[in-house]
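Because the structure is a prediction, the values reported are computed rather than measured.
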Amino acid sequence: MPSRRARRETTGQPIPSMRDAARADTEINSCSPVGLPATARMLFAVVDANGRLVRGLGATSATRLAVGMYQVAFDQDVAGAAYVGTVGPATANGLVPQGVITVAPRSGIANAVFVETHGTSGHADRPFHLAVLA
């Protein structure tokens with residue numbers, strides 16, 4: 001049965017059918033995780049452009065491998081985890097140059113994540129924030 005919550009109309013999105021809304025409402029309480037254990041942890045790392053680990057939770061080290069290439073290690077296996085990265089300041093001072101980030105499991109190291117940062121002309125050293133759900 002659909003909830004009594006008001007559903008606001010949205011611009012640019014189709015309005016959900018009553019069937020879709022009812023299905024979504026039943027999934028609120030089901031919360032069956034796909035591929036992650038009930039003991040999943042949120043880990044994070046804030047790394048400066050030189051590859052220094054500034055702060056984190058579960059992060060044990062960070063290393064700059066080459067221009068715009070980094071490795072971030074954690075205190076547990078993260079090979080099957082979900083990763084989210086963003087270019088951002090490592091300290092509370094200001095902004096960083098525009099950039100793009102990609103994240104992936106680290107080949108051959110189960111407890112690490114491989115991070116690449118790019119500027120407008122290719123690989124570039126950028127500070128970043130990395131979140132890992134493992």
Side-chain angles (χ1 to χ4, degrees):
M1 170 175 217
S3 71
R4 297 190 194 325
R5 294 187 298 258
R7 299 204 187 275
R8 291 184 273 165
E9 294 200 23
T10 58
T11 305
Q13 293 186 20
I15 297 172
S17 68
M18 289 299 290
R19 181 177 174 212
D20 289 341
R23 180 175 176 224
D25 281 346
T26 62
E27 292 171 351
I28 289 173
N29 294 326
S30 67
C31 291
S32 58
V34 178
L36 289 175
T39 57
R41 278 174 74 194
M42 175 60 78
L43 310 170
F44 81 91
V46 176
V47 179
D48 71 15
N50 296 318
R52 186 177 64 92
L53 178 63
V54 175
R55 61 187 177 279
L57 176 64
T60 58
S61 67
T63 307
R64 180 181 174 272
L65 303 172
V67 175
M69 295 183 186
Y70 305 88
Q71 171 183 297
V72 181
F74 291 91
D75 63 1
Q76 69 182 69
D77 186 329
V78 295
Y83 317 108
V84 179
T86 186
V87 171
T91 63
N93 300 335
L95 300 172
V96 299
Q98 182 178 3
V100 176
I101 187 170
T102 58
V103 293
R106 180 72 166 113
S107 296
I109 306 175
N111 67 315
V113 177
F114 179 69
V115 177
E116 286 184 301
T117 56
H118 303 266
T120 56
S121 61
H123 282 100
D125 291 334
R126 298 284 191 265
F128 61 89
H129 299 210
L130 174 65
V132 178
L133 180 58

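Looking at Met42 and Leu57, their side chains never come closer than 4.5 Å, going by heavy atoms from C-beta outward. Using a 4.5 Å heavy-atom threshold, the side chains of Ser61 and Leu53 count as separate. Inter-residue side-chain proximity for Leu65 and Phe114 is flagged as met; some heavy-atom pair is nearer than 4.5 Å. Taking the side chain as every heavy atom from C-beta outward, Val113 and Phe74 approach each other to under 4.5 Å. Contact annotation: the side chain of Val115 never approaches that of Thr102 to less than 4.5 Å [non-hydrogen atoms, C-beta and beyond]. Taking 4.5 Å as the limit, every side-chain heavy atom of Val84 sits out of range of all side-chain heavy atoms of Leu130. A 4.5 Å side-chain heavy-atom check between Leu43 and Gln76 finds at least one atom pair inside the cut-off.
If you take CE on Met69 and OG1 on Thr63, they are separated by 14.5 Å, rounding to the nearest 0.5 Å.
No side-chain donor-acceptor contact under 3.5 Å links Thr86 to the backbone of His129. With Tyr70 contributing its side chain and Asn50 its backbone, the two residues share no donor-acceptor pair below 3.5 Å. The backbone N or O of Asp75 sits nowhere less than 3.5 Å from a side-chain atom of Thr60 that would complete a donor-acceptor pair.
In summary, Arg55 and Asp48 do not engage in a salt bridge, as defined by a charged side-chain N under 4.0 Å from a carboxylate O.
Pairing each heavy atom of Ala59 with each of Ala45, the nearest pair is CB-CB, 3.9 Å. A pairwise comparison of heavy atoms in Ala79 and Pro105 identifies O-CG, 4.0 Å as the closest pair. Residue Pro127 comes nearest to Val96 through the heavy atom pair CG-CG1, 3.3 Å, listed as atom of the first residue, atom of the second, then distance. Here the shortest heavy-atom pairing between Ala40 and Leu133 reads CB-CD1, 4.3 Å.
When the side chains of ILVMFWY residues are joined at heavy-atom separations under 4.5 Å, either directly or via intervening members, Ile101 and Val132 end up in a single hydrophobic cluster.
No more than 12 heavy atoms of other residues, nucleotides or ligands lie within 6.0 Å of CD in Gln98, so this atom counts as exposed by the packing criterion.
The stretch residues 108-130 participates, sequence neighbours left out, in these salt bridge (charged side-chain N to carboxylate O under 4.0 Å, His left out) pairs: Arg64-Asp125.
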